[in-house]
Amino acid sequence: MLAGSPTVDAGRAARHFPAAMAYEPKTIEARWQRYWLENETFRCEVDPSRPKYYVLDMFPYPSGQGLHVGHPKGYISTDAIARYKRMRGFNVLHPMGWDAFGLPAEQHAVETGTHPAITTQRNIDTYRRQLRSLGLSYDWSREIDTTDPRYVRWTQWIFQKLHERGLAYEAEVAVNWCSALGTVLANEEVIDGKSERGGHPVVRMPMRQWMLRITEYAERLLADLDDLDWPERIKRMQVEWIGRSEGARVSFPIVDGDKTIEVFTTRPDTLFGATYMVLAPEHPLVQKLTTEAQRGEVEAYVAEAARKSDRLRMAEGDDKTGVFTGAFAINPVNDARIPVWIADYVLATYGTGAIMAVPGHDERDYAFATKFDLPILEVVAGGNVAEAAFTGHGTAVNSGFLDRLPTQEAKTRMNAWLEDQGKGEATINYKLRDWLFSRQRYWGEPFPVMHLEDGTIKLVPEDQLPVTLPELDDWAPTGEFETPLSRVPEWIETSDPATGAKARRDPNTMPQWAGSCWYYLRFCDPRNDAEAWSQEALDYWMPVDLYVGGAEHAVLHLLYARFWHKVLYDCGLVSTKEPFQKLLNPGMILGYAYRYYDDNLSDDPDARPHAYPSSAVRIDGETAVAMATGEEVKARWLMQDAVRWSEDHEPLHPTLDDLPLEEVTEKMSKSRGNVVSPDDVIDEFGADAMRLYELFMGPLEKGAPWSTDGIPGCFRFLQRAYRLVMEEELAPGDGTQEQARLTAKTIAGVTKDMEAIQPNTAISKLMVWSRDISRDAPAPRAGTLAFVKMLAPFAPHLAEELWSHLGHTDSLTYESWPEADASQLIEDTITLAVQVNGKRRDEIQVPADSDEAAVRSAALASESVRRHMDGKEPRKVIVVPGRLVNIVV
RNA sequence: GCCCAGGUGGCGGAAUUGGUAGACGCGCUAGACUCAGAAUCUAGUGUUCGCAAGGACGUGCUGGUUCGACUCCAGUCCUGGGCACCA
């Protein structure tokens with residue numbers, strides 16, 4: 001707990017100053033929040049006469065926990081930028097909404113029987129209240145909620161656009177079925193074969209699923225990254241996710257049969273070195289090719305592979321496993337008979353699910369060939385295949401018509417040959433796979449389609465959208481392989497309004513990503529019931545000029561949204577190729593958590609567990625074990641408040657004697673007990689101090705553990721600003737020469753920092769101004785007005801309060817940003833450092849317009865310089881204008 | 001294993017194109033005000049030697065380039081993030 005809370009401060013300050021003079025953030029902030037809301041201060045409309053600026057936060061999923069202090073860092077930053085841009089004359093679109101579909105509300109319904117819509121509304125109300133209490137300048141008239149039928153309608157409409165263009169299709173896909181949750185999970189929701197939430201087991205099951213053909217856009221998603229002003233690492237992550245690679249597709253005919261195995265290779269130049277082939281265990285040809293003699297072994301291997309989790313497969317690393325199918329294929333370049341194996345180091349989901357193995361020039365194939373004693377052939381000179389695979393480029397050898405060609409030419413030559421012979425072709429392959437777009441859940445957008453009895457699919461007519469969710473009173477999963485919606489026959493069974501024919505609705509819903517794929521478009525025209533958006537609104541507002549949100553969305557959300565945007569572009573519905581011009585990722589604010597372990601694995605409340613400090617525990621793969629006994633133990637977490645501190649400031653367990661705790665900084669979460677609510681911080685210091693602190697604690701992109709140590713400093717600064725304006729008699733005009741100069745320098749510096757999105761250094765310049773401005777003379781009115789304006793992006797409530805005290809009746813939201821007086825920025829005397837042999841020895845004052853000779857002689861005249869020159873003659877004198885003089889002896 | 005980002009006082013962090021390292025804030029020390037404490041204000045605060053003047057050292061570590069390196073180059077260690085048999 002901190003020494004000075006503002007309430008206490010205010011009371012104490014009141015003894016020295018009239019009561020009205022105390023800085024009381026509570027009163028000020030409530031007053032201005034009400035003012036902004038009542039006057040719709042931040043409402044914006046299309047106005048082609050003014051330049052626009054669209055600054056967007058990634059909208060949140062309103063969870064039941066409410067906001068913690070980590071969330072608002074981005075929101076506060078964008079708010080400062082939005083407020084700054086308004087003062088620079090931009091028409092600013094700064095909206096907020098809710099990504100409100102999602103599994104937690106549905107799980108909550110399972111547990112409590114409360115309808116997810118009710119939970120969701122309640123959570124939204126909390127979030128809205130919390131965001132408003134931070135004084136964020138959103139245009140609340142544009143608030144949207146992805147679960148609102150008026151929004152769902154257009155999400156479904158966009159799905160239909162995708163369907164019409166052949167980009168949505170159904171397929172049998174092995175999905176991650178979790179019977180405990182009663183749903184299929186996305187790959188990212190499965191960790192180590194268990195569900196991310198709850199850690200329930202997950203099995204792979206084939207199921208009819210909606211897929212979106214994002215792969216069709218792979219090339220454009222890749223190419224258009226070039227023009228985006230995004231952090232390089234985010235772009236790189238997308239590039240790697242898309243995973244483009246150039247190579248060739250080659251057909252290998254099977255001996256004794258009419259089938260062929262298709263493979264993808266990036267090294268067609270090594271085709272002569274292919275000495276065997278490998279199919280993924282899941283490859284459809286496996287059953288057909290396997291000879292009777294090998295069948296038993298192959299089937300056992302396939303079954304084993306299906307059972308193994310990805311993690312287990314991965315853990316095997318270089319230790320390759322596999323089984324011979326008994327079949328042989330023909331290498332199309334030299335008609336060699338080569339054996340066909342199956343092995344799980346070949347992935348069913350990449351390329352064609354089959355490879356030609358070139359052990360001489362691929363490390364994995366080399367390891368496999370060595371283990372199973374398969375021939376290794378050198379076809380590229382440059383390494384030593386007796387010792388290791390040579391994967392570099394070199395000169396083709398033992399390769400017939402390719403011999404003596406360098407790798408690059410050999411590839412081209414082979415591709416031409418393959419095409420000529422009809423045995424393959426040059427092709428480009430992507431890691432990116434089509435997007436599994438259905439979830440077996442209730443709380444999502446229903447698919448706007450009808451399944452007719454003849455097996456065809458028809459879209460629900462546009463004028464009948466949205467297809468809304470049916471009411472449901474039993475939320476619990478049955479554990480059957482079915483979806484919640486399929487249990488509502490009166491909803492599932494419908495008829496085609498055009499023909500009256502019987503039809504069934506789709507029992508799946510869309511994933512949470514759907515709503516967030518286009519919300520930035522809806523924000524441009526959120527109340528339009530005739531269309532998803534008007535062309536006019538979009539043409540004016542798009543693209544998003546600045547998009548700010550967590551780096552955890554680097555790939556999925558940002559790739560999916562770009563994909564939808566490009567489809568809409570192809571439909572002629574949006575006019576920009578990309579949605580988000582500039583992207584920034586605020587660093588995560590972490591919380592301190594305190595850990596120890598005990599052996600109460602079953603969480604038995606009556607147990608008297610043995611506790612272990614972290615130093616007595618080692619992590620063995622997934623589990624923690626006590627080093628002394630080898631027994632499994634479980635991590636326990638204590639809240640910061642609960643921790644007892646030893647004399648030398650080491651964290652200790654509050655009741656267990658001398659049990660040291662391990663201090664860990666982790667993402668704030670309920671389970672770690674390290675969540676700090678903004679409500680508490682605001683209550684103690686006010687929203688302005690909290691905003692200031694989150695911006696001041698470091699650069700936007702950098703994360704750090706939350707600590708309240710710096711907040712009182714920010715509070716003091718605001719208090720000083722308050723007193724300066726409220727208590728002191730201001731001098732008219734610009735004040736003294738020095739004051740005018742300080743003000744001009746501050747304006748120039750803060751403006752530069754704002755343009756570079758470096759609020760931390762902007763704030764420090766404001767602190768300097770407030771500290772120094774009234775040191776020798778009363779603060780000047782003109783400078784004070786500029787200061788209050790510059791304070792507004794960071795501490796908007798206080799800035800409004802001061803602005804109004806200075807005699808204004810309107811909000812300062814749309815006041816123009818101060819302009820630095822250029823003449824004040826020119827110094828007439830400058831200070832130069834003087835170095836001797838690169839070491840600083842003195843400094844000199846010279847007129848700013850001194851020429852080099854004058855500077856040089858002034859430097860040589862310095863007493864300290866002479867001493868360090870030690871009587872030697874200068875060999876060289878370097879004069880850096882406006883900076884320093886370096887004398888080399 | 002591969003890729004990326006980052007290592008600066010007791011702490012959070014500043015530092016244009018290579019040009020006075022440590023702005024600003026926290027903490028700490030001293031002083032003013034006070035019966036006293038809190039708050040507020042003022043001064044000091046990288047380490048080290050020195051009474052001082054003034055030195056020496058100092059941006060993870062080792063070298064290099066340069067008149068001059070937190071900044072550029074090579075190597076190395078550590079921390080955080082991403083990817084992970086992608087043919």
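In what follows, chains are A, B, ... by sequence order, proteins preceding strands, each numbered from 1.
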Any strand is fair game: report the nucleotide pairing with B:U47 by Watson-Crick or G-U wobble, both distances under 3.5 Å, or none.
B:A56
Between B:A74 and B:G6, how far apart are the P atoms? Round to whole Å, please.
15 Å
Using Watson-Crick geometry (N1-N3 plus N6-O4 or O6-N4) or G-U wobble (N1-O2, O6-N3), each under 3.5 Å, B:A87 is paired with none
Ion pair A:Lys431/A:Glu240, N-O distance below 4.0 Å:
no
Closest to the A:Asn886 side chain, choosing from B:A23, B:G19, B:G12
B:G19
Where each residue is assigned the nucleotide of RNA chain B containing its nearest heavy atom, which of A:Asp365 and A:Lys752 is assigned the position nearer the 5′ end?
A:Lys752
Integer-rounded Å distance: B:A87 C1' and A:Ile428 CD1
16 Å
State the pairing partner of B:C2; accept Watson-Crick or G-U wobble contacts with both distances under 3.5 Å, and report none otherwise.
B:G82
With rounding to whole Å, what would you report as the distance between B:A39 and B:G12 at their P atoms?
24 Å
Looking at A:Arg771, does any N or O in its side chain come under 4.0 Å of the phosphate oxygens OP1/OP2 on B:C24?
yes
Counting any heavy atom closer than 4.0 Å, what does A:Arg233 reach on the DNA or RNA strands: base, sugar-phosphate only, or nothing?
sugar-phosphate
When the P atoms of B:C41 and B:G25 are considered, how many whole Å apart are they?
11 Å
A:Leu718 CG to B:C24 P, in whole Å, measures 18 Å
Value in whole Å for how far the P atom of B:C2 lies from CH2 of A:Trp241
22 Å
Would you call the rings of A:Phe368 and A:Trp341 parallel, tilted or perpendicular, where under 30° means parallel and over 60° means perpendicular?
perpendicular
So which nucleotide from B:G19, B:A14, B:C3 ends up closest to the side chain of A:Arg236?
B:C3
If I take atom NE2 in residue A:His553 and atom C1' in nucleotide B:G82, what distance separates them, rounded to the nearest angstrom?
15 Å
How far, in whole Å, is B:G68 from B:C49 if one measures between their C1' atoms?
26 Å
So that I know where these two stand, are A:Trp706 and A:Tyr693 an aromatic pair - ring centroids less than 6.0 Å apart?
yes
Nearest listed nucleotide, side chain of A:Met237, among B:G82, B:U20, B:C26:
B:G82
Heavy atoms only: give me the nearest A:Ala689-A:Ile711 pair and the separation to one decimal.
CB-CG2, 4.3 Å
Only one of A:Thr427, A:Leu271, A:Asn331, A:Ile261 clears side chain to side chain contact (heavy atoms under 4.5 Å, CB included) with A:Val250; which?
A:Leu271
Kindly label the base of B:G9 as syn or anti, based on whether its glycosidic torsion lies within 90° of 0.
syn
5′-ward residue of the pair A:Gly703/A:Val880 relative to RNA chain B
A:Gly703
So does A:Asn429 get a side-chain nitrogen or oxygen closer than 4.0 Å to the phosphate oxygens (OP1/OP2) of B:A87?
no
Hunt down the Watson-Crick or G-U wobble partner of B:U17, both distances under 3.5 Å, from any strand shown, or write none.
none
Within the 4.0 Å heavy-atom criterion, would you say A:Asn760 contacts the bases, only the backbone, or no part of the nucleic acid?
sugar-phosphate
Below 30° counts as parallel, above 60° as perpendicular, anything between as tilted: where do the rings of A:Phe264 and A:Tyr350 land?
perpendicular
Presence of A:Lys839 side-chain N/O under 4.0 Å of B:C57 phosphate oxygens OP1/OP2
yes
C1' spacing across the pair B:G9 / B:C24, given as an integer number of angstrom:
14 Å
So does A:Arg716 get a side-chain nitrogen or oxygen closer than 4.0 Å to the phosphate oxygens (OP1/OP2) of B:C26?
yes
Where A:Met790 and A:Thr746 come nearest, the two heavy atoms and their spacing
CE-CG2, 3.9 Å
Verify the contact: side-chain N or O of A:Ser245 to OP1 or OP2 of B:A87, cut-off strictly under 4.0 Å; return yes or no.
yes
Give the minimum heavy-atom separation between A:Ser77 and A:Leu695, together with the two atoms involved.
OG-CD2, 3.5 Å
A:Lys702 side-chain proximity, nearest of B:C67, B:C41, B:G13
B:G13
Side-chain donor/acceptor contact of A:Arg883 with base of B:U16 under 3.5 Å
yes
Could you check how far CD1 of A:Ile711 sits from P of B:G13, rounded to whole Å?
15 Å
Of the nucleotides B:C26, B:U20, B:G13, which has the atom closest to the A:Arg840 side chain?
B:U20
Report yes if at least one side-chain N or O of A:Arg841 is closer than 4.0 Å to OP1 or OP2 of B:A56; otherwise report no.
yes
Which nucleotide sits closest to the side chain of A:Leu884: B:G19, B:C24, B:A87?
B:G19
Classify the nucleic acid contact of A:Arg244 as base, sugar-phosphate or nothing, counting any heavy atom under 4.0 Å across all strands shown.
nothing
Separation between the P atoms of B:C61 and B:C78, rounded to whole Å:
15 Å
Would you mind pulling out the nucleotide paired to B:G75, Watson-Crick or G-U wobble, both distances under 3.5 Å?
B:C61
With the side chain counted from C-beta on, respond yes when A:Arg244 and A:Glu219 share a heavy-atom pair under 4.5 Å apart, and no when they do not.
yes
Distance between P atoms of B:G18 and B:G54 (Å, rounded)
33 Å
Checking N1-N3 plus N6-O4 or O6-N4 for Watson-Crick, or N1-O2 and O6-N3 for wobble, each under 3.5 Å, the partner of B:C11 is B:G25
Side chain of A:Arg723, heavy atoms from C-beta onward: which of B:U40, B:G25, B:G82 has the nearest atom to it?
B:U40
Who pairs with B:C33 - Watson-Crick or G-U, where each distance is under 3.5 Å
none
Given atom CG of A:Leu590 and atom C1' of B:G12, what is their separation to the nearest angstrom?
14 Å
For atom CG of A:Asn585 and atom C1' of B:C4, their distance in whole Å:
13 Å
Inter-nucleotide C1' distance (B:G27, B:U71), Å rounded
29 Å
Any donor-acceptor pair under 3.5 Å joining the side chain of A:Lys765 to the base of B:C24?
no
Under 4.0 Å, heavy atoms only, any strand: does A:Glu363 hit a base, just the sugar-phosphate, or nothing?
nothing
Rounded to the nearest Å, what distance is computed from the CG atom of residue A:Leu692 to the C1' atom of nucleotide B:G12?
14 Å
Nearest to side-chain heavy atoms of A:Pro699, which nucleotide of B:A14, B:C85, B:G25
B:A14
When both hydrogen-bonding distances must be under 3.5 Å and the geometry is Watson-Crick or G-U wobble, what is B:U66 paired with, if anything?
none
